[in-house]
> 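Please find one structure pasted underneath; my questions will follow.
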Amino acid sequence: MTLETKLLGVTLKNPVLMASGTFGFGEEYAGYLDVSRLGGICSKGLTLHPREGNYGPRMWETPAGMLNSVGLQNPGVEHFIRHELPGMRGLGPAIIANLGGGTIEEYVEGARLLNSAGIDILELNISCPNVKEGGANFGLKPAIATQVVSAVRKVFSGPMLVKLSPGAENIVEMAKACRQAGADGLSLINTLLGMAIDVEQRKPVFRNIAAGLSGPAVRPVALRMVYDVVRAVDCPVVGLGGIATWRDAVEFLLAGAAAVQVGTAVFQNPEAPLEIIDGLQRYMERHGFEHISDIRLKK
Amino acid sequence: MTLETKLLGVTLKNPVLMASGTFGFGEEYAGYLDVSRLGGICSKGLTLHPREGNYGPRMWETPAGMLNSVGLQNPGVEHFIRHELPGMRGLGPAIIANLGGGTIEEYVEGARLLNSAGIDILELNISCPNVKEGGANFGLKPAIATQVVSAVRKVFSGPMLVKLSPGAENIVEMAKACRQAGADGLSLINTLLGMAIDVEQRKPVFRNIAAGLSGPAVRPVALRMVYDVVRAVDCPVVGLGGIATWRDAVEFLLAGAAAVQVGTAVFQNPEAPLEIIDGLQRYMERHGFEHISDIRLKK
Amino acid sequence: MPSEMVTVRSNQEVGEDVFEMRLPSSVPAKPGQFYMLRREGSALLLPRAISLCNQEEDTLTFLYKVVGEGTAELSNMKPGDKLRLTGPLGNGWPLEELSGKRVLLVGGGIGIAPLLLAAKALRQQGNPADCCLGFPHQPFYQEAFQPDCGALSIATESGVAGHKGLVTQLFDPADYEIVLCCGPTPMMKAVVALCKAAGTPVWVSLENRMACGVGACLVCTCSDHQGKNRRTCKDGPIFRGEEINFDA
Amino acid sequence: MPSEMVTVRSNQEVGEDVFEMRLPSSVPAKPGQFYMLRREGSALLLPRAISLCNQEEDTLTFLYKVVGEGTAELSNMKPGDKLRLTGPLGNGWPLEELSGKRVLLVGGGIGIAPLLLAAKALRQQGNPADCCLGFPHQPFYQEAFQPDCGALSIATESGVAGHKGLVTQLFDPADYEIVLCCGPTPMMKAVVALCKAAGTPVWVSLENRMACGVGACLVCTCSDHQGKNRRTCKDGPIFRGEEINFDA
Ligand SMILES: Cc1cc2nc3c(=O)[nH]c(=O)nc-3n(C[C@H](O)[C@H](O)[C@H](O)COP(=O)(O)OP(=O)(O)OC[C@H]3O[C@@H](n4cnc5c(N)ncnc54)[C@H](O)[C@@H]3O)c2cc1C
Ligand SMILES: Cc1cc2nc3c(=O)[nH]c(=O)nc-3n(C[C@H](O)[C@H](O)[C@H](O)COP(=O)(O)OP(=O)(O)OC[C@H]3O[C@@H](n4cnc5c(N)ncnc54)[C@H](O)[C@@H]3O)c2cc1C
Ligand SMILES: Cc1cc2nc3c(=O)[nH]c(=O)nc-3n(C[C@H](O)[C@H](O)[C@H](O)COP(=O)(O)O)c2cc1C
Ligand SMILES: Cc1cc2nc3c(=O)[nH]c(=O)nc-3n(C[C@H](O)[C@H](O)[C@H](O)COP(=O)(O)O)c2cc1C
Ligand code: FES
Ligand code: FES
């Protein structure tokens, strides 16, 4: 019995990855859990140029979830390659660089730099506001998303995941389109669009009004999307959204995910990712599964 | 200061209505809270003909939410008019009949019967599987939804809400289309599509795989949709989705809702609707609001 | 008030993973009815359905087994902690049909809980029921039944006490005019089959996932043999065993 | 381990809505650091950030005020209940910069909590700090400060104890070489302004909504005057008052 598995040709110690934006560049959490035991780490969302992110409040707690409006604060791709990546590399888990952008050109330039940087996998985050189109998300309509994906595909030769937004008009059509445009695999879901209003101050909490919802609250929605996408495309799918326990992770693996990511759950319990790995191992032993891919629902 | 307010010309004691499918026909809860204090009650979703609903498990608890797969079990419109409506009428609150259907003809026939039945408001539930189109939801694409709405509009002359699905490809476009097709007002959101897998039995919990997610978990998503729709259409909007406390209700009223509905919250606390009414009253007193409409965010 | 915040009087382990909780209430309930319980500030959305096990003056006693998060949360409650109590709910045992009849109570595991008040009611009518209780391993709470039953027999699958084997081996339904039964579904199915064969009417107390508990939401339906839906919470939880399709 | 389940030793009300909780831990922490606390099985997603108020042998003491659901949940915990404790986190007071200097501690309301260990450390260095504590109404925990301070002055807005008025009326920053301050934002702003005018360096302990507490998620950022983001949890919670843009 082994937890070891391959994702887009990359060997992972186990299928438990840390989701982008929730685990920094890995070193921040190094004192609080044994980071070397993780299957992989997705970097904080990078953009070609450094960004300071959004002003005003950036977080609001909701029932079994949280809204965030960090706004892609990051040091930029070059700084990442020079200063964060070497440390990340030293941690042990596979390194997935998460890349966003405001224009297609920005995505392409970022991907070009990452192409020779020695990352294991590129995760293309298409849930970013499209600066030229008045801020509409790249991830809503297949026609726009595929422009980004195929442009990046031309300059990035390594394994590439495309991370889908649950706001896509039709998640299955979006998945098929991204696959056809050159994605080697898909990851989903990014945050759902939500908002909150401060009832005593009587104004929306966030300057941008809307913010991204994550955490256990979204899990049933994420699971349904993963289940549908797995059945519609012929490539590996990485499932995430609200995974907090080994049971949650197993739900996604049963739905057909090749690997899972853990995000928000690490905030409530830094040891959650390791508890998930241990629980997964016991689950596989109990059910007599040899490989991660055996977990998948039959039929 | 008064909680009394008008919705589509109908006077409500207060803007707190009970959501369809969660409060039966009102009498079931009569022993557990003072039903006469409610602003209104939406009936269990009706269809022209009686339905037994879905087989197999119908409910699964999720973090701050629940999935349901009741499948429109109901006694049919005629039975409702003859047997349930008189009792409902006697309770005091405004009566909103929630109508679904599997074909446009079924919707139209049901609405025709309800037109002369003495209900206060019709709430058209367009989140129903379209039997002729392989079960795709009527509420996803404006072109299909407007067929239902305009057909019903021709036979129903009273005040009509159209209840939107959060699965709509674009909720704002859907809202505009339904308004133009004859809705006097809109209510949103219905349940989000989700699913669950039983990890020990290793199969999806529900026979239909997907089920409807409701409860506090969905509130940030519902609030964002209500906020956006209020700003895009020129008709009253009824907000719902995860409202469990007076604060939650006030969030929707601040977002511009004319009234709110309480669904899942009544399961965890039968007194929740009355606590919401009382809390709303105190909130208005504290902030010096005269009318419900004064709560709405300025600008 | 049938839905109110109450304060835990006591809560203690009385068997392996089996707890007894006492709560105050002045509303009279019928044997076989149940309540919905939810800890104040619970991490879980829904309350849990628990049958009334005993009622003395203003005290309700519940007997419950820890099987998941909700019952674990209940088991961690201490005297003085608050919970929302809604009920009594459901129909209760058909006591009117039992008077003067030879009655057998059959309980399996935690399913013995709703039978105790039936035993007490029958004893008070001067018509004590015989009682067969089955447990996988260590029996619990059988001493509470002792004074209120006619003959009391115990079966355990592991053989630690009483008959080694299944509760269904303890009785012949032909000896009784009516049987009341509560336990795991396979056991209730077996008891119903035995009773049917013997022509003895049998009533069962069913469990099903619930949300409202009052008949409003229709998530708890079970099916009769005609394929008609019955609400476990409102039309039940107690049904004629012959009517229910356990395989629906 | 810096993230572990621990058992509450004691938890009691020491002022109006102010509680003192004792937890076991053997990891040494620095004055001014904080921890993330989350009740086992909490109904809330995120842990709450609470500053270390005192540390003796293997016991950590936290002083917290009930302001919302999370702190209310903490206040309901009883000895023996479990919570997840992650920490120590953050940078702590710049004790190295204080040695031999005339130091003033300024605390407002529950903001006095992180100052106590600073007072103790300075007293141990043989360099006790003066201490000014302000409260809206009834003071609390001032007796804990008494033995470890030089001069201790109290202000209350209602006038029930000490000077009637604001804590900022109790001192002249020109009398000190360095000021450490924690309290509500308007108070810290005022103290920073006074210190700036007097040319006295001032350090403040900031609060901000947090998720990870370790510098990974970037939801807790505050801004310096150059518009650069600083992570309250990791780069702080203690910053030079002059650097922070309180109006960003
Ligand atoms: C009418 C009725 C009376 C009952 N009386 C008793 C009693 O006296 N003593 C006792 O120990 N148990 C009783 N039960 C069963 C009890 O409600 C469940 O064991 C409990 O809900 C499990 O909750 P959990 O969170 O611990 O388990 P989980 O499995 O984590 O629960 C997940 C969800 O499934 C539901 N669920 C799980 N098992 C059951 C079940 N067997 N029946 C109904 N819903 C379930 C839960 O309510 C919850 O919504 C009764 C159930 C019903 C319907
Ligand atoms: C570094 C640091 C040290 C702190 N030390 C103490 C202390 O020693 N004693 C004490 O009483 N309080 C302290 N606080 C404040 C304490 O964290 C908040 O009062 C608490 O989070 C409020 O939670 P709640 O659920 O009761 O309130 P709610 O308002 O219901 O909380 C809602 C959300 O907002 C967050 N939040 C609300 N107020 C604050 C706040 N002031 N700071 C940060 N997040 C907030 C909560 O964490 C939660 O996520 C500290 C905060 C920080 C950041
Ligand atoms: C604070 C925060 C920051 C995030 N930043 C990013 C990001 O930069 N890029 C990205 O693709 N996803 C980002 N996400 C989304 C997560 O990677 C993940 O898709 C989402 O949170 C759902 O998973 P979860 O419920 O396990 O957190 C962020 C999420 C959070 C909570
Ligand atoms: C058990 C259940 C049954 C429902 N049945 C209907 C229905 O028949 N018609 C309808 O329009 N909505 C139905 N809904 C959706 C609710 O009316 C409401 O839109 C949704 O639950 C979100 O609100 P909430 O989070 O307050 O429950 C049902 C919801 C639940 C939980
Ligand atoms: S639980 Fe709602 S009808 Fe039975
Ligand atoms: S709370 Fe995550 S970076 Fe500060």
Side-chain angles (χ1 to χ4, degrees), chain A residues 60 62-67 140-141 166-171 173 192-200 202-205 209-213 215-228 231 242 244-255 283 286-287 295-299, chain B residues 60 62-67 140-141 166-171 173 192-200 202-205 209-213 215-228 231 242 244-255 283 286-287 295-299:
Chain A
W60 191 258
T62 68
M66 60 179 267
L67 291 161
L140 305 184
K141 291 180 191 290
E169 292 189 350
N170 181 319
I171 195 79
E173 293 311 317
L192 280 160
L193 223 51
M195 76 175 282
I197 299 178
D198 188 317
V199 301
E200 297 301 336
R202 286 195 279 134
K203 56 177 202 199
V205 168
I209 313 285
L213 182 67
V218 311
R219 199 176 69 235
V221 173
L223 184 68
R224 199 266 307 180
M225 290 186 173
V226 168
Y227 183 93
D228 288 350
R231 277 149 191 77
T245 69
W246 65 265
R247 279 174 189 280
D248 306 339
V250 168
E251 274 194 278
F252 283 86
L253 296 172
L254 282 162
Y283 179 82
R286 198 162 65 244
H287 288 276
I295 297 178
R296 189 171 175 153
L297 291 174
K298 293 294 160 283
K299 185 179 83 106
Chain B
W60 192 257
T62 68
M66 60 179 268
L67 290 162
L140 304 185
K141 290 179 191 291
E169 292 190 350
N170 181 318
I171 194 79
E173 294 311 317
L192 279 160
L193 223 52
M195 77 174 281
I197 298 178
D198 188 317
V199 301
E200 296 302 335
R202 287 194 279 136
K203 56 177 201 197
V205 168
I209 314 285
L213 181 67
V218 311
R219 200 176 69 235
V221 173
L223 184 68
R224 200 266 308 180
M225 290 186 172
V226 168
Y227 183 93
D228 288 350
R231 276 149 191 78
T245 68
W246 65 264
R247 281 174 187 280
D248 306 339
V250 168
E251 273 194 279
F252 283 85
L253 296 172
L254 281 163
Y283 179 82
R286 198 162 66 245
H287 288 276
I295 297 178
R296 189 172 175 152
L297 290 174
K298 292 297 162 278
K299 185 180 84 104

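Reckoned from all heavy atoms, side chains included, excluding hydrogens, waters and symmetry mates.
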> When you compare the side chain of A:R286 with that of B:E200, does any pair of heavy atoms fall below 4.5 Å?
yes
> Heavy-atom distance under 4.5 Å between the side chains of A:M195 and B:E251, does that happen here?
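When only atoms from C-beta onward are counted, B:E251 and A:M195 do not touch, as no gap falls below 4.5 Å.
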> Given side chains that start at C-beta, do those of B:L297 and A:P204 come closer than 4.5 Å, heavy atoms only?
yes
> Under 4.5 Å heavy-atom distance to chain A, tell me which part of B:A244 shows up: side chain, backbone, both or neither.
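Contact with chain A involves no heavy atom of B:A244 at all.
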> Between A:P220, A:G194, A:A217, which shows the greatest number of heavy-atom pairs under 4.5 Å with chain B?
A:P220
> Quick one: what part of B:L67 sits under 4.5 Å from any heavy atom of chain A, side chain, backbone, both or neither?
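Just the side chain, heavy atoms under 4.5 Å.
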> Which one, A:N170, A:L223, A:D198, A:V221, leads in non-hydrogen pairs under 4.5 Å with chain B?
A:L223
> Go through the atoms of B:L213 and report whether side chain, backbone, both or neither lie under 4.5 Å from a heavy atom of chain A.
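Side chain of B:L213 only, per the 4.5 Å heavy-atom cut-off to chain A.
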> Where does A:A255 contact chain B at under 4.5 Å (heavy atoms): side chain, backbone, both or neither?
both
> From A:E169 CD over to B:E173 CD, what is the distance, rounded to the nearest 0.5 angstrom?
9.0 Å
> Could you work out, with ring pair (Phe, Tyr, Trp, His ring centres under 6.0 Å) as the rule, every residue matching A:W246, not counting sequence neighbours?
A:Y283
> What residue, out of A:I209, A:I295, A:L254, has the most heavy-atom pairs lying under 4.5 Å from chain B?
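If we count pairs closer than 4.5 Å to chain B, A:L254 comes out on top.
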> Among A:L253, A:T62, A:L193, A:L192, which residue forms the greatest number of heavy-atom pairs with chain B at distances under 4.5 Å?
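If we count pairs closer than 4.5 Å to chain B, A:L193 comes out on top.
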> Go through the atoms of B:R219 and report whether side chain, backbone, both or neither lie under 4.5 Å from a heavy atom of chain A.
side chain
> With a 4.5 angstrom heavy-atom cut-off, is it the side chain or the backbone of B:L140 that approaches chain A, or both, or neither?
neither
> If you round to the nearest 0.5 Å, how far is CZ of B:R202 from CZ of A:R296?
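If we round to the nearest 0.5 Å, A:R296:CZ and B:R202:CZ are 14.5 Å apart.
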> Once you round to the nearest 0.5 Å, how far does OH of A:Y227 lie from CD1 of B:I197?
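Separation between the atoms: 7.0 Å.
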